[in-house]
Structures are given as C-alpha cells and as structure tokens.
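One structure below.
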Amino acid sequence: MSGNESNLTNVEAATAAIAMEPSDPISIMPSPSSKRLTSIDHTVPASPTLQSPSVRRNKSDGNLMAQDVKEARVKVIYTGGTIGMMRNDRHVLTPIPNALVRSIRKYPNIHDDEYAQLRFGASASMAPLVLPYVQDEPRRVLYQITEYTPLLDSSNMTMNDWARIANDIHQSYEFFDGFVVLHGTDTLSYTASALSFMLENLGKTVIITGSQIPIFETRTDGKDNFTSALIIAGNYIIPEVCIFFGHKLMRGNRTVKISSNSLDAFDSPNVPPLARIGINVNVDYRLIFRPCSIERFCVHLNLDENVGVLRLFPSISLSTFRAFLAPPMRGVVLQSFGSGNIPSNRKDLMDALKAAADRGVIIINCTQCPNGSVAAIYDTGKVLSDVGVIPGYDMTPEAALAKLAYVIGKEEWSLEVKKQMMQSNLRGELTSIIAPKMEDYDLVDAVARSLHLSSPQELDQLGATLFPAMINAAVVDGDLKKINNLKAYGADLSGSNHDHRTALHLACQLGNVEIVKHLLRNGVSVHTRDRYERTALLEAVSTDNHEIIQLLINCGAHLTGSSRAVGEQLCAAAARGSLLRLKSYQYAGADLSQPDPSGRTVLHLAALHGFPEVIQYVLPYMENVAAEDMLGLNALHYAKRGGDPAVVDLLKSVIS
Ligand SMILES: NC(=O)C[C@H](N)C(=O)O
C-alpha cells in the first residue's frame with residue numbers, strides 16, 4: 001500500500017503483505033533481522049490486510065471449518081527467558097534456539113494443526129501458528145513468532161534490546177492486530193516501562209509475558225501466560241504496553257517483580273489490574289490509558305544511558321553519594337524513605353543534591369515503599385524540592401528510571417520541558433493528583449434501581465448496553481455537551497454496541513468532523529472492527545470524507561482486509577468513473593495499482609468503461625501500465641473492447 005510506504009522501510013514489513021489466503025503461495029521471506037542473522041522468523045509473516053478465511057465445512061462430520069471465522073493476527077517477539085529454557089546436563093536452565101516453535105507445533109492446546117492444515121494446506125508446517133478455538137472470544141488468533149538470536153536471560157538485556165523490540169513492533173505495526181513479547185521475568189518490568197514510553201501514540205495491544213517454569217515442563221505457568229496473552233492481544237484493543245502474569249493483565253509501567261519463585265511474580269501496587277482472567281476475561285475499560293492526541297504511532301529509540309537509581313540508607317557516606325551524582329550522570333531516581341523523606345539534617349547530602357541539580361542532573365524522588373506515593377507532608381521531604389529535586393509521585397523505580405532515559409533522550413526538549421515531563425503523567429505511570437470523584441454509574445444506578453437490578457455484574461451489563469446507545473444518540477444529534485455529560489457519568493466513549501460499532505464508526509459515517517476529533521482526543525480507538533470487519537476509516541472512505549480520512553490516518557488508522565479486496569473496490573470505483581472514491585482509497589493508504597483477484601486494475605476498468613479523466617489521474621500511480629489480467633489482456637485491449645477512440649489513443653501513448 002503506497003500510502004504506508006514510510007513505515008515499510010524493511011523487507012519484513014514489505015513481505016508481511018503476502019496474502020495468507022489458501023490460494024496464495026506461501027514462502028518464507030527473510031526478515032531484515034534474519035539477514036543480520038540475529039533473529040529467525042519461524043512462519044510466514046501474517047497481515048491484517050488479508051481476507052478472512054474460506055475454510056470449508058468438514059465433509060465427514062459437517063462441522064464448520066473456519067468458514068466465516070474471524071481471525072486476528074498477533075506478532076510474537078521471543079527474546080528469551082525461562083519460558084523457552086531447558087535444563088542442560090548440569091541441571092542449569094538455558095534458552096534453546098529453535099526449540100519453542102518446534103514444540104508449540106506439537107501442543108494441541110497452543111496450536112490447532114487441523115485448522116492450520118485446512119487454512120494453509122501443504123504449507124501449514126511453515127504457516128502461522130493458530131491458537132485453538134476459545135469459547136466466547138470472537139476471533140481465531142493466528143500468530144507468527146520471531147525468535148531473537150541470541151536468546152537472552154533478561155538479566156543480560158540492555159537498552160539496545162528495548163530499542164530492538166520497539167523497532168520490530170514499529171516495522172510490523174500495520175500488519176498485526178496485537179503484539180506479544182516473550183521475555184525473561186527478571187528485568188521484564190524495566191522493559192515494559194521503557195517500551196511504554198518508546199512506543200508513542202500506541203493504538204494496539206502490546207503484552208509482555210514470560211514464565212517462572214519453562215513451557216516445556218509438565219507443570220508450567222508458561223502455557224497459561226502465553227495463551228492468555230495471545231487471546232487478549234488478538235481480541236481486545238488495549239492500547240498500552242501491558243504485562244500478563246498470574247491471571248492478571250497489568251499496566252507494564254506500574255509493575256514490579258515481587259517474587260523470584262511464586263507464579264504470581266508481578267504486582268501492580270498502585271493501580272489495579274487492567275483485566276483479570278478467570279473463567280471469563282474481565283477487562284476494566286475505565287482503567288485503560290488511551291492516547292488522546294491526533295498523532296500517528298511512532299517510536300522514540302534514543303534513550304540516555306546515563307541514568308541510575310540511588311537507594312538511600314541511614315548513614316550513607318557523602319563520598320558514595322557524590323560519586324553517584326558525578327558526571328556523566330544525567331538523571332537519578334532517588335529512592336527516599338517513606339513518603340519521600342531524606343535525612344534533612346545532613347547538610348552535606350543536601351549540598352551535593354543541589355550542586356547536581358544546578359549542573360542539570362534531573363533528580364526524581366520516589367519512595368522505597370512498594371506501595372504509595374511521595375508527598376511533601378514532612379519537613380524532611382519538603383527540603384528536597386527546595387534543592388531542586390522533583391517529586392516522582394507513585395512511580396515505581398523501574399518506571400522512573402526508564403522514563404528518565406526516555407525524557408533525557410528527547411534532545412528537542414529543553415531541560416525545563418524535561419523536568420515538566422518527568423512530573424507529568426505520560427503513559428499512566430504516575431498519579432500526581434487525586435482524580436476528581438466521578439459521578440461514576442449514577443445514571444446506571446438510577447436505571448438499575450428502577451429495574452430492581454443490584455449485582456455488580458448486572459450493573460456492568462446495564463452500563464455496557466445503555467452507554468453506547470446513549471453516546472450514539474448524542475453523536476447523531478451532533479451534541480458534544482451530551483457526549484461529555486455521558487463521559488462524566490462514567491460512560492466509556494470507546495465502548496461498542498452489539499454490532500461492535502463504536503461512536504467513532506457512526507461519527508465517520510455521518511461525516512461529523514468535530515465529533516470525530518473529539519472522540520479521537522478522548523482516546524477512542526481507530527482500530528476497532530465492527531461485526532462486518534469495517535473500521536472507522538472504511539466508513540470515511542465510503543462517504544468520501546477526505547478530511548476525516550486524513551484525521552484518522554494521522555491517528556494511525558490503516559486499511560484492513562485483503563489487499564485484493566481493496567483492488568476489487570478500486571476496480572468498482574473505476575468502472576463507475578468515480579475519481580472521488582479512488583482518491584478516498586488513495587488517501588486511506590491504498591495502492592492504486594493494486595489488482596483485483598482477476599488481475600484487473602483500475603486502468604483496465606476505466607479503459608473499458610471510457611473514463612479518460614480517471615486514466616489520466618491513475619497513470620502516474622500504476623506500477624505497470626501494461627499489466628495483464630488473468631486472461632492476458634492489458635488496459636489497451638480493454639479500451640479497444642470499450643470502443644472509445646479517445647481512450648484508445650490515450651492508452652496507445654503509454655502502452656506499445
Ligand atoms: N523467570 C525468568 O524468566 C527468569 C530468567 N532469569 C530471566 O529473567 O530471563
């Protein structure tokens with residue numbers, strides 16, 4: 001898709017467009033990383049720009065075999081960690097290259113080989129892996145694993161590895177619905193925190209997980225963590241970098257590793273889990289932190305390594321303290337006592353802090369307590385702000401350190417802006433002010449009372465039914481005030497109705513630019529697909545609203561569905577002579593030279609139906625003006641059949 005070429009800077013992304021329809025040739029294309037011999041793609045790249053499957057009904061038992069089944073594509077980046085380790089002869093756990101995918105193909109509860117055979121035929125052994133059917137989840141998850149070389153124990157990972165993961169997500173962003181990173185647990189919270197900052201304007205789900213016991217062992221937490229992460233990444237739009245561990249989905253930059261041997265190895269002390277996995281998946285949508293600016297997804301890879309964590313202890317020596325703050329240090333997380341206190345009677349330490357802050361070192365005050373926040377309620381804490389130390393509120397040391405590396409690495413920001421950013425809530429990593437009490441669920445409560453409903457589940461269900469309907473009514477009325485009121489009542493503006501349509505779908509269909517902007521600024525996802533696989537972008541294309549198309553594209557929206565289906569739509573528009581529709585698709589990122597399933601292009605159809613202005617417009621965008629369809633006919637042949645002499649002459653000038 002030409003409109004997306006800026007993102008397709010590597011072979012992997014470009015080859016990811018290979019269709020996975022059963023009729024498509026399936027081949028293994030080298031990824032740029034594998035070219036450098038540093039990673040191996042174990043399957044053909046998957047792409048959400050592909051058609052849903054046409055797998056058939058099983059003749060023997062009559063069961064539905066993937067026909068009409070919706071699919072989601074998840075990219076798995078396997079970096080190492082216990083999850084893929086095996087014990088060597090000395091009983092020491094080490095990661096084994098190429099073992100994970102080989103084993104997974106044999107596990108029927110992680111890979112549905114029957115579905116894969118039906119879907120990908122003879123090439124199934126190299127095709128994407130397929131998660132078996134999951135009750136109550138709408139999509140079959142197809143996943144592609146990219147294995148890094150070497151596989152790392154996470155204790156050996158560095159900031160360069162964070163950049164590599166961020167870059168790989170960036171390169172394949174448009175080809176997948178969600179991302180899972182398999183990672184060692186020891187430094188997982190650091191990686192999650194760093195990625196949460198590096199992935200800017202993230203619109204898709206990224207889940208990092210691993211395990212305490214290798215996935216190859218009979219008793220393992222790896223299978224559950226991995227499959228749950230895949231299910232959530234494929235079926236839920238939670239535009240955050242999350243950690244899945246021990247039945248909980250947590251905001252990554254709020255987590256800490258709390259146990260080296262418990263299977264509940266992670267906790268999110270200051271923010272409840274975003275989702276809990278029991279018999280059902282329960283997502284708390286009100287907790288989700290959404291990007292609220294109209295900007296496209298991008299990555300910031302420049303991190304400053306001159307950062308550190310200094311944990312205070314009674315009687316710390318001045319020389320230790322000074323040495324830590326000395327150049328080249330540029331950012332320090334000062335882990336203070338309790339609610340942010342340091343020994344205020346230690347003038348020597350205060351002077352050293354002030355000298356460092358005056359030199360431009362950003363010093364951020366975080367508590368040593370696993371729970372709670374720093375607050376200037378004691379004199380011993382207040383003195384810190386007097387010497388230029390910034391409050392880190394309730395940030396974990398991991399998040400504060402990663403944020404310092406990110407913020408200091410933003411060379412375009414002044415020192416003042418950097419300090420401001422450290423105190424601002426960029427990705428849900430800190431709570432600086434107590435949120436004003438929401439009139440949360442008042443409205444729902446009132447209705448519930450009149451209906452005699454009382455259980456939390458009934459209230460949730462009522463909210464999920466009432467709010468989307470009421471928001472949609474406000475969208476139809478074009479009533480921004482009403483939309484805001486509903487939000488104040490606790491409505492999730494990203495909520496969808498029974499057709500999985502959001503208010504954004506409707507606003508795009510109605511062409512209300514103001515409401516579209518408002519919804520985007522309130523974090524409504526551009527990636528939600530309704531029951532019929534339509535995105536908000538497709539609604540804007542269908543109504544030829546170019547301003548809205550541009551807004552959505554600026555927010556990271558892209559075309560989904562098979563590229564050949566897009567070709568079909570383009571040909572239909574050309575046959576009608578609709579230059580407007582062709583432009584709509586083009587602005588939405590479509591490649592105007594994309595053929596339909598019979599190999600015909602817009603040029604063929606415009607030639608046949610005699611639309612010279614369409615031909616003039618599309619000519620510069622055609623990859624091959626003489627492209628032939630499946631019958632071996634090019635656009636000139638079609639023009640001759642169409643019989644318009646002007647069109648024939650026009651095409652003769654470009655096709656010999
Ligand atoms: N459970 C684990 O994954 C621990 C391992 N040492 C790692 O962090 O890679």
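These numbers come from a predicted model, not from an experiment. Remember, it's 1-based here, ligands and their atoms both numbered in the order they're listed.
- Near Thr82, meaning under 4.0 Å from any of its heavy atoms, are these atoms of ligand 1: 1 (N), 2 (C), 3 (O), 4 (C), 5 (C).
- Residue Ile208 forms a side-chain contact (heavy atoms from CB on, under 4.5 Å) with just one option from Val241, Ile77, Thr255, and that option is Val241.
- Any N or O atom pair closer than 3.5 Å counts here, and Thr187 shares no such pair with ligand 1.
- Close approach of ligand 1 to Gly184 (heavy-atom distance below 4.0 Å) involves ligand atoms 3 (O), 7 (C), 8 (O), 9 (O).
- Among the atoms of Lys257, none of the N or O lies under 3.5 angstrom from an N or O of ligand 1.
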His300 and Phe197: ring-ring contact (aromatic ring centres under 6.0 Å, His included), yes or no, with the steps? CA-CA 8 Å; His300 175 83; Phe197 299 111; over 10 Å; no
Could you walk me through whether Arg254 and Asp394 pass salt bridge (Lys or Arg N to Asp or Glu O under 4.0 Å), step by step? CA-CA 9 Å; Arg254 289 293 197 158; Asp394 55 354; 3.1 Å; yes
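- The closest protein non-hydrogen atom to atom 9 (O) of ligand 1 is Ser154 N, 2.8 Å.
- Where the criterion is an N or O separation shorter than 3.5 Å, residue side chain and backbone included, His183 fails it with respect to ligand 1.
- When the heavy-atom distances from atom 3 (O) of ligand 1 to Asp153, Thr185, Leu188 are ranked, the shortest goes to Thr185.
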Let me see the working for Glu217 and Arg87 under salt bridge (Lys or Arg N to Asp or Glu O under 4.0 Å), right down to the final yes or no. CA-CA 10 Å; Glu217 299 195 5; Arg87 285 175 212 280; 3.3 Å; yes
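- Only the backbone of Ser211 comes within 4.0 Å of ligand 1, counting heavy atoms alone; no side-chain atom from C-beta on gets that close.
- The pair Glu398-Lys257 fails the salt-bridge criterion, with no side-chain N (NZ, NE, NH1 or NH2) lying under 4.0 Å from an Asp/Glu carboxylate O.
- With Asp177 as reference, Arg529 is the one residue of Arg529, Arg73, Arg140, Arg139 to meet the salt bridge (Lys or Arg N to Asp or Glu O under 4.0 Å) rule.
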